[in-house]
Amino acid sequence: MSFEPLLLSLRVSTIATFLVFFFAMFTARFFSKREFCGKDLIESFFLLPIVLPPTVVGFILLYLFNRNGLIGVILSDWFGIQVVFNWIGALIAAIVVAFPLMYQSAYAAFSSYDQKFENAALTMGASRFRVFWTIAFPLAWPGLLAGLVLTFARAIGEFGATLMLAGYIPGRTDTVPMTIYFAVQSGNNRLAAIWTGILVILGYSAVLWLNLWSKKKMLKYKRN
Amino acid sequence: MLRLKLFKQLAQFNLDLKVEMGNEIVVLYGPSGSGKTTVLNCIAGLDHPDKGLIQLNDIRFYQTKMRALPLSKREVGYLFQDYALFPHMNVLKNIMYGAKQEKLVIRVIDTLAISQLKTKYPHQISGGEKQRVALARALATEPKVLLLDEPFSNLDQQLKKECYRSLMELYRIWGIPIILVTHDYEEARKLGHFIYHIDQGKVIKREKMSVNSIVANEFMA
């Protein structure tokens, strides 16, 4: 049994989580602070991957990222990057499906504490940059962390959109969920069960750790 | 000298107010929802008037049709109604957040007798202690004007007396303009050099308090 699928899944989900965390956090921060025309339209667009079937998301991504697609042609011609049937396809699929989860968690996290703390910091002469990193970020951290764990879990478990965009090429795009699916298809239930067990342990550990950490850290201070 | 000339359309009424003060304690006294906190927010830069002038000495915070001075440059100390102490920082970190010199922080902490609280978190201290910590935090930034939004409203009578004393002691040392918002007339009478009675966003009466009625003299005699 090769551990290649696990390594690929970890690589894809770690990079996706890292990128999604920062992008969704700053986007959510901006959207939680500003009111402007068209905000609801853009937010609904962000959340679309939650309501669409993964195959539909995958099809849209395939349309955009294939070699002649709107984005694919730019990536291919300008940067020599091929997304389809490549692990980068799996990465893009993971980013797109996980983004709404992180966005929603971050938005809720930044709206969960009283604005007065930031106002107090601003009146003390702090720059907005400093207010973000010393007040907003720590106060929103429990919610951000929950989003981070959800993002990672969603990214590592991504299947439908990945299959559409990256396909199943052993040694190249075979993430764990994909390996499980094709193992079952080929009648290798034992292999599917092993990988299922590994994913269950990974997911359970992440949620358990989050719960334990939350209990320990979030009780350190009470919200005023 | 702090000059305020504010006009702002609010949901229920128009805020229309003019105040000029030196290094005194001016009390904005009036019922809840009369626009008092909006005045403080406009001075601090958390809110803007629709038109008017806010000027401290020769620094213009706001003038109609001119770009407002960013709030981080106003050097205003603001004590919020429920203190807004940062819950994830201990008392010392709260006070140090906007502090300019450590020496001053030590002096403020000593004056307010809160040195035993330095390592505690806001949820671990009492209402009166929070009030003093918030006052220390506001003063540690070396403000040119101090804004106090109903700072004593959650305290019992004994604590209020102690806090009045602390405030007057700090006023004696700092000698900066202080604007205090309250809906407690007794408090206004005890602390203010001038009391502006505010109702529906307008000054309906201005009282100059006789020196003898000021708590400062009461306590410092």
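Every chain is numbered from 1, with letters handed out A, B, ... down the list of sequences.
We find the OG1-CD1 distance between A:T123 and B:I43 to be 12.5 Å, quoted to the nearest 0.5 Å. Going from atom CD of A:E118 over to atom CG of B:L46 covers 11.0 Å, rounded to the nearest 0.5 Å. One finds the OH atom of B:Y83 at 13.5 Å from the CZ atom of A:F117 (value rounded to the nearest 0.5 Å).
When side chains are defined from C-beta on, B:M89 counts as touching A:I135, because their heavy atoms get closer than 4.5 Å. Side chains of A:P138 and B:F86 form no contact here, defined as non-hydrogen atoms less than 4.5 Å apart. Using a 4.5 Å heavy-atom cutoff, the side chains of A:N119 and B:Y78 are not in contact. Looking at A:R130 and B:Y97, their side chains come closer than 4.5 Å, going by heavy atoms from C-beta outward. A heavy-atom distance below 4.5 Å is found between the side chains of A:L139 and B:P87.
What you find for B:D82 and A:K116 is that their closest heavy atoms are OD2-NZ, 2.9 Å. Taking all atoms of both residues into account, the shortest heavy-atom contact from B:L71 to A:R128 is CD2-NH2, 4.0 Å. Shortest non-hydrogen contact noted between B:S72 and A:A126 is CB-O, 3.8 Å.
Within a 6.0 Å sphere centred on CZ of A:F26, heavy atoms belonging to other residues, nucleotides or ligands number more than 12. Within a 6.0 Å radius of CG in A:L208, more than 12 heavy atoms belonging to other residues, nucleotides or ligands are found. Surrounding CZ of B:F13 are more than 12 heavy atoms belonging to other residues, nucleotides or ligands, all under 6.0 Å away. No more than 12 heavy atoms of other residues, nucleotides or ligands shown are found within 6.0 angstrom of OH on A:Y204. More than 12 heavy atoms of other residues, nucleotides or ligands shown are found within 6.0 angstrom of NZ on A:K39. Environment of CD in B:Q12: sparse, with no more than 12 heavy atoms of neighbouring residues, nucleotides or ligands closer than 6.0 Å. Residue A:F31 qualifies as enclosed at atom CZ: its count of foreign heavy atoms under 6.0 Å is above 12. Enclosure of atom CD in B:Q116 by more than 12 non-hydrogen atoms of other residues, nucleotides or ligands within 6.0 angstrom is indicated.
Neither the backbone nor the side chain of A:S127 comes within contact range of chain B; no heavy atoms are under 4.5 Å apart.
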